Amino acid sequence: MRAAPVLVCQRCVEPFVYPIDANVSLHLVKSEAELDDGADDTAQEADDAADVDEAPEKVVGSRHFDVLEQVEDELILNIPYVPRHDVCPGAPLKTSAGEPAQGADADKRPSPFAVLEKLKQKH
């Protein structure tokens with residue numbers, strides 16, 4: 001499944017598109033008792049597979065199985081807990097040492113630790 005939900009970056013609080021490209025295999029079973037049956041077979045199949053994610057996930061199916069709800073659940077599971085940009089727009093450029101680049105806006109702001117130090121000296 002592919003989707004591109006719009007999330008809010010938790011660093012800069014700006015919306016951004018988070019592309020999702022997930023491939024999920026489901027094995028429908030008739031009852032919850034069958035979920036545990038063959039657990040060793042599934043583990044063996046996972047060992048034989050090149051990737052553990054290729055083993056199908058067992059799900060209890062019924063005549064009223066809601067495929068749309070299952071797809072929605074899988075999409076939600078693929079969204080990061082704390083969504084954020086790789087590099088926030090408007091963020092100051094940094095050198096390879098992690099220091100702000102020359103002319104960056106970070107030079108204008110005082111360090112939060114420097115402000116704390118001033119408060120500590122007052123008392």
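All values reported here derive from a predicted model rather than from experimental measurement. Start at 1 with the first residue, then count along the sequence.
Not a single side-chain contact (heavy atoms from CB on, under 4.5 Å) links Val87 to another residue, sequence neighbours left out. Remark: Phe16 pairs with His85 by the ring pair (Phe, Tyr, Trp, His ring centres under 6.0 Å) rule, at least two apart or across chains. Considering only residues two or more places apart in sequence or on other chains, His27 meets the ring pair (Phe, Tyr, Trp, His ring centres under 6.0 Å) condition with none of them.
Within the 4.5 Å cutoff, side-chain heavy atoms of Val6 are placed close to those of Pro15. By the 4.5 Å heavy-atom criterion applied to side chains, Leu75 and Val71 are counted as neighbours. A heavy-atom distance below 4.5 Å is not found between the side chains of Val8 and Pro83.
Here CD of Gln121 is found 11.5 Å from CG of Leu116. Values are rounded to the nearest 0.5 Å. The CE atom of Met1 sits 6.5 Å away from the CG atom of Asn78 when rounded to the nearest 0.5 Å. His64 NE2 to Asp66 CG: the interatomic distance, rounded to the nearest 0.5 Å, is 11.5 Å. To the nearest 0.5 Å, atoms CD (Glu14) and CG (Leu7) are separated by 13.5 Å. Distance CD1/Ile79 to CD/Glu74: 12.0 Å, rounded to 0.5 Å. Here the CD1-CD distance, from Ile76 to Glu72, works out to 4.5 Å after rounding to the nearest 0.5 Å.
Residue-environment remark: CD (Glu32) stays at or below the threshold of 12 foreign heavy atoms within 6.0 Å.
Annotation for Val59 and Phe65: closest pair CG1-CE1, 3.6 Å, computed over non-hydrogen atoms.
Criterion: ILVMFWY side-chain heavy atoms under 4.5 Å apart, direct or through other members. Under it, Tyr18 and Val24 are part of a common hydrophobic cluster.
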- request: Could you go through the side-chain contact (heavy atoms from CB on, under 4.5 Å) check for Ile20 and Arg2 one step at a time?
  value: CA-CA 5 Å; Ile20 295 175; Arg2 291 185 181 160; over 6 Å; no

